[in-house]
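Read the structure below first, then the notes.
For clarity, every value in this text was computed on a predicted model and none was experimentally measured.
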Amino acid sequence: MGRTDCVIQPLMTDQITLRRPDDWHLHLRDGAMLAAVLPETTRHFARAIIMPNLVPPVLTGADAAAYKARIMAVMPARADFTPLMTLYLTEETDADDVAAAHASGLISAMKLYPAGATTNSASGVADFDKVRGVLERMAEIGLPLCVHGEVTDADIDIFDRESVFIDRVLDPIRRKTPDLRVVMEHITTSDAVDYVKAANNNLAATITTHHLIINRNDILVGGIKPHYYCLPVAKRESHRLALRSAATSADARFFLGTDSAPHTDPNKLSACGCAGCFTAPNTMPILAHVFEDETALERLEGFTSLHGPAFYGLPVNEATLTLTKGTPAPLPEKLITAEGEVTVFDPGFDLLWQVAP
Ligand code: DOR
Ligand code: ZN
């Protein structure tokens, strides 16, 4: 074929294929809710770090083994999905039990909830000195700590709780235990972005889908929007922009943890509504939209599929996921479960990207 025969390809990208993504922070719940929400994750994701804040919490290796068995019992027939289990760190956690659960490959991380910080965190840690022994053992065996990074002191404004946590709790822990590998989860502030960037490779952060989309005005202006309420609560616009910039920067210390957290509508739409956005069904189309907006579509795979495995020392997935861009695809607004309806996160724009079947 002569040079004049060549076909000029349009510059617009309307298809992208990625290694199959993983979700490094996910709430699957239990019972009927677990059975209803699990397929929403296994449809697109290969692995997920499973949060242990059940009632009662997943405290021991035996609890994690039993919870994993309950997840596997309702696994959709053709799913190729691995739940990565975690234990809920308390002041009573037994370091030997943790080490055994890690050595057997059962758990991938410990989860630190400051007591009272969020949903089902009552058994969390109030005195961080009381978990020093476990943290030191984790540093020794290379087991990562996933952190809900908010202080709970009544005198600290809710919008400042993440940055105060970094100064008062996280930084002292990291200084005393420099070999501990830490994931600061669902970061919501430029302070957290800066803190992670300034640290070494023992610190990483997950970013949720919804914190890339909403700021605090979206929750409060023009009437309260309970479906946008989550913890840590979304902050002002400058923080959202810092998160977008970190997520799309190709810096391997930032990766996806959706924090998809289903609650039934009656539990969200109450005088004391629960925190959580349910993003499992539409996370990948939303992220394609965000990364395209930031002219960073080629970096989406790093955020969803490469950086997380690198931090956790796991192989990347061999299977792929393809997204195509076309006409807006309506997604179901609600997931019907035996416990009640769960509203799917509404990004407030048409989703032109869809996951190819
Ligand atoms: O919004 C949230 N929901 N944040 C959390 O930390 C917990 C989660 C849940 O379990 O509902
Ligand atoms: Zn969470």
Considering all heavy atoms, the nearest [X]-[Y] contact:
X      : Y      : answer
Pro172 : Asp167 : CD-O, 3.3 Å
Ile214 : Ala234 : O-CB, 3.8 Å
Thr152 : Ala115 : CG2-O, 3.3 Å
Phe278 : Ser260 : CD1-OG, 3.3 Å
Leu335 : Ala36  : CD2-O, 3.6 Å
Leu180 : Leu143 : CD1-O, 4.1 Å

Looking at [Y], is its backbone amide N or carbonyl O close enough to the side chain of [X] to form a donor-acceptor pair, meaning the two atoms are under 3.5 Å apart?
X      : Y      : answer
Arg19  : Asn317 : yes
Lys325 : Leu323 : no
Arg181 : Asn201 : yes
His227 : Lys268 : no
Thr86  : Ile50  : yes
Asp97  : Thr60  : no
Ser104 : Ala101 : yes
Asp153 : Asp155 : no
Glu91  : Ala126 : yes
Asp63  : Leu59  : yes

Check this for me, if you would: do Glu339 and Arg29 make a salt bridge, where the nitrogen-to-carboxylate-oxygen distance has to be below 4.0 angstrom? no

Salt bridge or not for Asp80 and Arg20, using N-O below 4.0 Å?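 Not counted as a salt bridge, because no side-chain N and carboxylate O are separated by less than 4.0 Å.
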
By side chain to side chain contact (heavy atoms under 4.5 Å, CB included) - contacts of Asp30 (at least two apart): Leu34, Leu54, Tyr67, Arg70

Is the distance between the ring centroids of His239 and His211 under 6.0 Å?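 Between His211 and His239, the centre distance exceeds or equals 6.0 Å.
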
Establish, yes or no, whether a centroid distance under 6.0 Å links the rings of Tyr312 and Trp24. yes

Any side-chain heavy-atom pair of [X] and [Y] under 4.5 Å:
X      : Y      : result
Leu38  : Leu28  : yes
Leu87  : Pro52  : no
Phe128 : Leu112 : yes
Phe159 : Val233 : yes
Met184 : Ile166 : yes
Pro76  : Arg43  : no
Arg236 : Asn215 : no
Glu341 : Pro266 : no

Do [X] and [Y] belong together in a cluster built from hydrophobic side chains that touch within less than 4.5 Å?
X      : Y      : value
Phe345 : Leu287 : yes
Phe349 : Leu297 : yes
Val193 : Ile207 : yes
Ile16  : Leu351 : yes
Val183 : Leu314 : yes

Would Lys334 and Asp265 count as a salt bridge (Lys or Arg N to Asp or Glu O under 4.0 Å) here? Give the steps. CA-CA 9 Å; Lys334 311 244 183 223; Asp265 284 353; 2.8 Å; yes

Walk me through whether Met51 and His25 qualify under side chain to side chain contact (heavy atoms under 4.5 Å, CB included). CA-CA 7 Å; Met51 286 298 117; His25 181 132; 3.5 Å; yes

Do Thr188 and Lys235 have side-chain N/O donor and acceptor atoms under 3.5 Å apart?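 Short answer, yes.
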
Residues forming a ring pair (Phe, Tyr, Trp, His ring centres under 6.0 Å) with Phe45, sequence neighbours excluded: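 Per chain and number, Phe45 pairs via ring pair (Phe, Tyr, Trp, His ring centres under 6.0 Å) with no residue.
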
First locate atom [atom1] of [X], then atom [atom2] of [Y], and finally report the distance between them rounded to the nearest 0.5 Å.
X      : Y      : atom1 : atom2 : answer
Thr208 : Leu243 : OG1   : CG    : 8.0 Å
Asn282 : His44  : CG    : NE2   : 9.5 Å
Tyr88  : Thr93  : OH    : OG1   : 10.0 Å
Ile158 : Arg161 : CD1   : CZ    : 6.0 Å
Thr206 : Ile187 : OG1   : CD1   : 7.5 Å
Thr248 : Phe291 : OG1   : CZ    : 6.0 Å

Taking it one step at a time, do Thr258 and Asp23 satisfy side-chain hydrogen bond (donor to acceptor under 3.5 Å, both in side chains)? CA-CA 6 Å; Thr258 66; Asp23 185 347; 2.5 Å; yes

Greater than 12 external heavy atoms within 6.0 Å of Asp127's CG: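 Atom CG in Asp127 is crowded, with more than 12 foreign heavy atoms closer than 6.0 Å.
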
Should we count CZ of Arg132 as having more than 12 external heavy atoms under 6.0 Å?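 More than 12 within 6.0 Å, yes.
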
Can you check side chain to side chain contact (heavy atoms under 4.5 Å, CB included) on Tyr195 and Leu203, steps first, answer last? CA-CA 9 Å; Tyr195 183 69; Leu203 182 65; 3.5 Å; yes

Using the side chain to side chain contact (heavy atoms under 4.5 Å, CB included) rule, take Ser123 and Tyr113 through it: C-alpha gap first, then chi angles, then the decisive distance, then the call. CA-CA 8 Å; Ser123 322; Tyr113 287 107; over 6 Å; no

Verdict with reasoning, His210 to Asp346, per side chain to side chain contact (heavy atoms under 4.5 Å, CB included): CA-CA 9 Å; His210 48 282; Asp346 174 5; over 6 Å; no

